[in-house]
4 protein chains.
Amino acid sequence: MELNEKQIQIIETAERLFAERGFDGTSVRDIADEAGVNVAMISYYFGSKEKMMEALFELRVGSVKIRVESLIKDESLSPLEKVNMLIDEHIDRVMQKQCFHKIMMGVVATNKNPAILKAANSVKIRNAEVVTELIKDGQKKGVFKKKIDVILMMNTMVGTVSQTMMSQTYYREFNKQQDMPDEEFELLLKRRLSIHIKTLFKAILTNEA
Amino acid sequence: MELNEKQIQIIETAERLFAERGFDGTSVRDIADEAGVNVAMISYYFGSKEKMMEALFELRVGSVKIRVESLIKDESLSPLEKVNMLIDEHIDRVMQKQCFHKIMMGVVATNKNPAILKAANSVKIRNAEVVTELIKDGQKKGVFKKKIDVILMMNTMVGTVSQTMMSQTYYREFNKQQDMPDEEFELLLKRRLSIHIKTLFKAILTNEA
Amino acid sequence: MELNEKQIQIIETAERLFAERGFDGTSVRDIADEAGVNVAMISYYFGSKEKMMEALFELRVGSVKIRVESLIKDESLSPLEKVNMLIDEHIDRVMQKQCFHKIMMGVVATNKNPAILKAANSVKIRNAEVVTELIKDGQKKGVFKKKIDVILMMNTMVGTVSQTMMSQTYYREFNKQQDMPDEEFELLLKRRLSIHIKTLFKAILTNEA
Amino acid sequence: MELNEKQIQIIETAERLFAERGFDGTSVRDIADEAGVNVAMISYYFGSKEKMMEALFELRVGSVKIRVESLIKDESLSPLEKVNMLIDEHIDRVMQKQCFHKIMMGVVATNKNPAILKAANSVKIRNAEVVTELIKDGQKKGVFKKKIDVILMMNTMVGTVSQTMMSQTYYREFNKQQDMPDEEFELLLKRRLSIHIKTLFKAILTNEA
DNA sequence: CATGAATGAGTCTTCATTCAT
DNA sequence: AATGAATGAAGACTCATTCAT
């Protein structure tokens, strides 16, 4: 689906509002008002509110698949390096599109939109398959342990990042870093998250201390 | 707040529906119909839909604080044992009240209800303080590492459990365990989660392999 | 209809609230709460909200008829003295039961309750008949003019008093008498109203300057 | 606020119904049905039922101020002529917009809508000020008495007209004029009211018989 | 192509009243 | 005799969507 400039503008406003108030908590009028367009435009451009949500999903998720797959295929990297890059990619993706990831948590929790649910699941399955292959490769090369629960490991990565993203204001308060500039704090947070998860994964994957 | 039998019945129906469809996605009529009561009863008993949500929150969260604090004070347990018990307690709590935890993810994501948000935050802060003390105790006794990011560690526990709970159907499919009885699968899942997170925490907290 | 103590208590609370918020703007729950009784009592004692209103009307109006008629029959008074006494009686009645008269203005404006409307009309007609007789008596005695529009005259009395009662706060402000004690101001107002209306009536009824 | 044709249509239906049944006694559905429009239109056009009432008030009162002030400034008229014109203007205004004036009596009685109450008060204050000036002018010119209670005088005018308007059916019955055509009766009533009030005012204002 | 006007269905809440106790 | 619990009906209002222009 090709999106023109105005459609992008609408969809990004919707993304922000959905993240702030939830899908059902946001009216198309809210979106139209904030985006500075006519109410009828949402139906006109996307068919319905639901369909707009699907368009948003497609826009944000579409690119992910390709990047992951190409990363995996890179022959110049060791299995552990690949895993670490996956972690950093995920952290970057979530932190860059925080609104979208907040929305997705809500969408996955409620079974409302089957189209999105199905698409989200297929992405997750594809990711799991790719990572499983990567793990198997590491095991064959003798750098990874034998028994590894890939799903739980992925859940730890995804869950930790989501949880941290959702409660970053609180993290900031707890660590007394309210005065730090936003960008600097985000960089710090991403670095710490990266080290944290890599440490966890190393403990799961390898026999090293 | 004392809740009578009918109020509990209504609140539990609401809990399930909120988990399935979200707060805004569930109408009071839906709840009343499923609970087999009159629509007006929600306002009659709780004052409003919002207030009912707060009553649900209070009902589910009220007991948590006390249990955590008493666990921590138990002198007969080592710091690591306490941490491990905390993990198991959390897993049990989430898996037993899956609906409620799904709802909470949605509530925390959207800033809708300030009363709940505030209460939820105070619970989180109290928990973090308690765990921090526990960690400090372990450090003083020389069994835990010096530098530990308590918040990230907690985020890993909470995030992993939530993520796993949310996607358990998918976990089942991936591991080809659809034929396993529900209860057996849940037990298996909890055991694996427990071992998984304890392993992670050991890697974070101690110097052992 | 005999009213017991509790019924009087309810009816007087209702009277105040109806005056403040209008009949439809006051809920039976409001009345019950303020009167400190159970909600069901209103239906229990009066049958319905509407019937309670009728009971209130009967309570307040019942006594009026007799007093007016006996006044008229008093042989020791001149026609003008009788008219003047009628004026003072009316002023006293309205100022003493301000709440009730506020309500009546609303009831008469809207055609809601036929029972009350009919009763109110019969009171008005009876009064007009009595006054007409009184006027005729004065005319026969040669102290009153020939052509007198009794209705318009009565409307002036009733209208002036109502209007003044309704806007007394404003009258007080305009005349800079906010510091005067309530009771003192009410006395002043009644005296001025009395003189004012008697002056008007004299101009209508007699040929004197 | 500019009102389009449909808004006027709705507002005039509402005016009639409010006069017949009171503000709280009239539902937006009643108004919509009688005006032949969709229920949602009331909120769509005016924001709320309350706001519609305010729009009605503004529509009816807006023009009054200017007319009164310009009348007062007319140098070619004597003070008494001005007072008499004020009386006729008031009678015409009330008799022409009977519904609106019925509503206003209810609104002023109950303290419900602060916006309208405030606006109504400011109109009344302005009118009193203008009339006061007019009276002072007459006193300076020696045609009016020294001691005049402007407020009570105005209350007599407003009260008499309102009272007569409200009970005109009864006036008709009493005078056996049911067979007279409506328009003829209204003219008669206005003429009589005019003479009646002018007589009263002359008695208050001047020393003539 | 884009939109202002309009709407039917749905929202939550409040209402006066009833009924079992 | 008196009431707490309960309810169907109605309340005002918001919603996503449609349609004529």
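To find a chain, count down the sequence lines: A is the first, B the second, and so on, and within it residues start at 1.
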Subject >> NZ/NE/NH1/NH2 to OD/OE distance under 4.0 Å, A:Glu34 and A:Arg16 >> reply: yes
**OP:** Could you pick out which residue, A:Glu50 or D:Thr26, lies toward the 5' side of DNA chain F when each is mapped onto its nearest nucleotide?
**Re:** D:Thr26
**OP:** Flag the pair D:Arg60 and D:Glu15 as a salt bridge only when some basic side-chain nitrogen lies within less than 4.0 angstrom of an acidic carboxylate oxygen.
**Re:** yes
Original post:
B:Tyr44 has an atom OH; how far is it from atom C1' of F:dG4, in whole Å?
Top reply: 6 Å
Original post:
Closest nucleotide of DNA chain F for B:Val39 versus for A:Phe23: which of these residues is on the 5' side?
Top reply: B:Val39
Original post:
Given atom CE of D:Met41 and atom P of F:dT14, what is their separation to the nearest angstrom?
Top reply: 14 Å
**OP:** Could you tell me the separation between the CG atom of C:Asn113 and the P atom of E:dA16, rounded to a whole number of Å?
**Re:** 15 Å
Original post:
With the threshold set at 4.0 Å, does a side-chain nitrogen-carboxylate oxygen contact exist between C:Asp24 and D:Arg21?
Top reply: no
**OP:** For A:Lys49 and F:dT14, give me the distance from atom NZ to atom C1', rounded to whole Å.
**Re:** 11 Å
Original post:
Which residue, D:Gly36 or A:Ala40, contacts DNA chain E at a nucleotide closer to its 5' end, judged by nearest heavy atom?
Top reply: A:Ala40
**OP:** Once you apply the 3.5 Å cut-off to both distances, tell me the Watson-Crick or G-U wobble partner of E:dG10, or none.
**Re:** F:dC13
Original post:
Rounding to a whole Å, what distance do you find between D:Arg29:CZ and E:dA9:C1'?
Top reply: 11 Å
Subject >> Lys/Arg N to Asp/Glu carboxylate O, C:Glu20 vs C:Lys102, below 4.0 Å >> reply: no
Subject >> Any-strand Watson-Crick or G-U partner of F:dT21, both distances under 3.5 Å >> reply: E:dA2
Subject >> Nearest-Å distance for atom pair CD/P, residues B:Glu5 and F:dG4 >> reply: 21 Å
Original post:
DNA chain E: D:Tyr45 or B:Ile42, which has the more 5' nearest nucleotide?
Top reply: D:Tyr45
**OP:** Rounded to the nearest angstrom, tell me the gap between atom NZ in D:Lys51 and atom C1' in F:dT14.
**Re:** 14 Å
Subject >> Closest nucleotide among F:dA6, E:dT13, E:dT3 to the B:Ser43 side chain >> reply: E:dT13
**OP:** Report the distance from atom CG of B:Asn38 to atom C1' of E:dT18, rounded to the nearest whole Å.
**Re:** 13 Å
**OP:** Scan C:Ser27 against the nucleic acid and name what it touches under 4.0 Å (heavy atoms): base, sugar-phosphate only, or nothing.
**Re:** sugar-phosphate
**OP:** Using a cut-off of 6.0 Å, state whether more than 12 heavy atoms not belonging to D:Lys49 lie near its atom NZ.
**Re:** yes
